[in-house]
Amino acid sequence: MSISENIKKYQTLLPEQTTLVAVSKTKPVSSLMQAYDAGQRVFGENKIQEMASKWEEMPKDIQWHMIGHVQTNKVKYMAAFVSLIHTVDSIKLLREINKQAAKHDRVIKCLLQIKIAEEESKFGMDQADALELLASEIATTLPHVAIVGLMGMATFTQDKTQVEAEFNKLSVIYKDVKTKYPQLTILSMGMSGDFTLALKHNSNMVRIGSSIFGARN
Ligand SMILES: *Cc1c(COP(=O)(O)O)cnc(C)c1O
C-alpha cells in the first residue's frame, strides 16, 4: 500500500480520541509530504537536527513531536517550533526546555518517559522519580513547560504477554498519577508492531513509523 493509503487506513482504524504520530525518522521530505497530502499533521522524529531541517522545508501547520532521547545542549535547535517532547526523563532536561522555550515566549508541552521495558537500552524514569518530579516545585515554577502526560516503550520482543504486561504497568501508573494531576491527559504508547495491545491498555497516542512509511534502512 502507498503512504497515503496507509495514513487513511490508520485514520479509520484508530479510535477517534487517539492521536496518530506518523514517525518519519530517516524518511525523505517527499515521503512526509505524501502523508501530509493525505491529511496527516502530526509527525514524530528522533533526531533534533533532522526534525529542524524538515520543519524548515515543510508546511507550517505541522505539529512536530520529538520522540528520541534529548541531549540538553540540543534543546535550543527545536525550542522555536517543537509541539510535544515525549522523552523528558530528568529535572535537568526540563529546566533546559523551560529556559529555551522562554527565549521564544512559548510553553512547550512535555511527556515524562517512564521505563517499563526490561532492556537496559531504554531510557526513562521510574514511577517514584516521576511522582517526585510532579510533586516538586519544578512542575509549577517552570512557566515555559507543561507536563501533559506519560510515554513508554515496551521491550522489543515477540512475547506478547510481556509487552502487554509492560503496557498494563504504564496504564496503571498513568491512572494513578492522573487522579492527582488531572492535567496529564496523554498516554503515548504503542508502535507499528504493538499498538493494538497499547490501545487495549488506554493509550491515546500511538507512534507509528514502519507500517506507514515502510522499513527503515
Ligand atoms: C522509531 C520509533 C517508533 C516507531 O517505530 P515503528 O516500529 O517503525 O512503528 C515509535 N516510537 C519511538 C520512540 C521510536 O523511536
Side-chain angles (χ1 to χ4, degrees), residues 1-71 74-89 93 97 100-101 104 106 108-111 113 117 121-124 148-154 156 186-199 203-217:
M1 286 210 291
S2 69
I3 291 171
S4 72
E5 283 168 334
N6 289 333
I7 292 291
K8 295 204 171 102
K9 183 188 90 180
Y10 279 104
Q11 281 166 350
T12 48
L13 192 93
L14 295 172
E16 207 180 336
Q17 72 279 10
T18 307
T19 303
L20 170 63
V21 181
V23 175
S24 48
K25 60 193 186 194
T26 78
K27 298 295 175 183
V29 165
S30 57
S31 295
L32 278 70
M33 279 311 298
Q34 290 177 46
Y36 181 89
D37 290 337
Q40 183 64 26
R41 291 295 180 273
V42 183
F43 290 85
E45 291 280 334
N46 71 338
K47 295 215 167 74
I48 294 173
Q49 269 119 336
E50 181 177 342
M51 182 170 76
S53 73
K54 287 172 175 171
W55 165 68
E56 278 177 20
E57 270 189 64
M58 293 186 63
K60 292 297 171 280
D61 61 344
I62 291 174
Q63 294 169 37
W64 293 99
H65 287 201
M66 174 41 57
I67 62 166
H69 186 64
V70 177
Q71 287 172 279
K74 291 196 177 147
V75 173
K76 56 178 178 283
Y77 301 119
M78 63 176 168
F81 68 91
V82 69
S83 138
L84 181 66
I85 301 175
H86 288 231
T87 44
V88 172
D89 60 359
L93 177 57
I97 295 167
Q100 297 300 333
H104 299 277
R106 299 186 65 218
I108 296 180
K109 288 187 260 177
C110 296
L111 306 179
Q113 182 173 2
S121 60
K122 298 257 156 79
F123 293 99
V148 295
L150 305 180
M151 177 273 206
M153 283 173 89
F156 188 71
I186 297 176
L187 180 56
S188 166
M189 165 170 110
M191 324 199 322
S192 293
D194 59 18
F195 76 93
T196 322
L197 289 177
L199 291 175
S203 167
N204 57 19
M205 184 173 278
V206 292
R207 309 176 309 268
I208 312 275
S210 47
S211 70
I212 293 173
F213 294 104
R216 290 175 295 272
N217 297 325

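Closest heavy-atom contact between Ser83 and Gln63: OG-CB, 3.7 Å. Across all non-hydrogen atoms, the minimal contact from Ala117 to Ala154 is CB-C, 3.9 Å. Gly68 approaches Thr87 most closely through the heavy-atom pair O-OG1, 2.7 Å. Of all non-hydrogen atoms in Arg106 and Val82, the two that sit nearest each other are NH2-O, 2.8 Å. Closest heavy-atom contact between Gln100 and Ala79: CB-CB, 3.6 Å.
At least one donor-acceptor pair closer than 3.5 Å links the side chain of Lys60 to the backbone N or O of Trp55. Remark: the backbone N or O of Lys27 is not paired with any side-chain donor or acceptor of Ser24 at under 3.5 angstrom. Formation of a donor-acceptor pair under 3.5 Å by the Ser192 side chain with backbone atoms of Ser211 is found in this model.
Rounding to the nearest 0.5 Å gives a distance of 11.0 Å between OG1 of Thr12 and CD1 of Ile7. Separating the OG1 atom in Thr18 from the CG atom in Leu199 is a distance of 5.5 Å, to the nearest 0.5 Å. Ile85 CD1 to Ile67 CD1: the interatomic distance, rounded to the nearest 0.5 Å, is 13.0 Å. Leu93 contributes atom CG, which lies 8.0 Å from atom NE2 of His69 (distance to the nearest 0.5 angstrom). Separation of atoms CD1 (Ile208) and CG (Asp194) is listed at 8.0 Å; rounding is to 0.5 Å. With rounding to the nearest 0.5 Å, the separation of CZ in Phe123 from CD in Gln113 is 8.0 Å.
For the pair Phe195/Met189, no side-chain contact is recorded, criterion being any heavy-atom separation below 4.5 Å from C-beta on. Contact check for Tyr36 versus Asp61: side-chain heavy atoms found under the 4.5 Å cut-off. Looking only at side-chain heavy atoms (C-beta outward), Val21 and Met205 come within less than 4.5 Å of each other. Side-chain contact check for Val42 versus Leu20: every heavy-atom pair is 4.5 Å or farther apart. Inter-residue side-chain proximity for Pro59 and Arg41 is flagged as unmet; no heavy-atom pair is nearer than 4.5 Å. Side-chain atoms of Leu32 and Gln34, non-hydrogen and from C-beta on, never get closer than 4.5 Å to each other. At least one side-chain heavy atom of Ile3 sits less than 4.5 Å from a side-chain heavy atom of Ile212. Residues Met191 and Met153 have side chains in contact (heavy-atom distance under 4.5 Å, counting atoms from C-beta outward).
Using a cut-off of 4.0 Å between Lys/Arg side-chain N and Asp/Glu carboxylate O, Glu50 and Lys54 are scored as salt-bridged.
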request  = Given side chain to side chain contact (heavy atoms under 4.5 Å, CB included), test Met51 with His65 step by step and report yes or no.
outcome  = CA-CA 9 Å; Met51 182 170 76; His65 287 201; over 6 Å; no

task = List the steps and the verdict of side chain to side chain contact (heavy atoms under 4.5 Å, CB included) for Met151 and Arg207.
result = CA-CA 10 Å; Met151 177 273 206; Arg207 309 176 309 268; 3.6 Å; yes

ask   = How far apart are the C-alpha atoms of Met33 and Met58, what are their side-chain angles, what is the distance that settles it, and do they pass the side chain to side chain contact (heavy atoms under 4.5 Å, CB included) test?
value = CA-CA 8 Å; Met33 279 311 298; Met58 293 186 63; 3.6 Å; yes

request  = Start with the C-alpha gap between Ile186 and Asn204, add the side-chain angles, then the distance that decides, and say whether side chain to side chain contact (heavy atoms under 4.5 Å, CB included) holds.
outcome  = CA-CA 6 Å; Ile186 297 176; Asn204 57 19; 3.9 Å; yes

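With sequence neighbours excluded, the residues satisfying side-chain contact (heavy atoms from CB on, under 4.5 Å) with Ala52 are Phe81.
In the displayed structure, Lys9 atom NZ is contacted under 6.0 Å by more than 12 heavy atoms of other residues, nucleotides or ligands.
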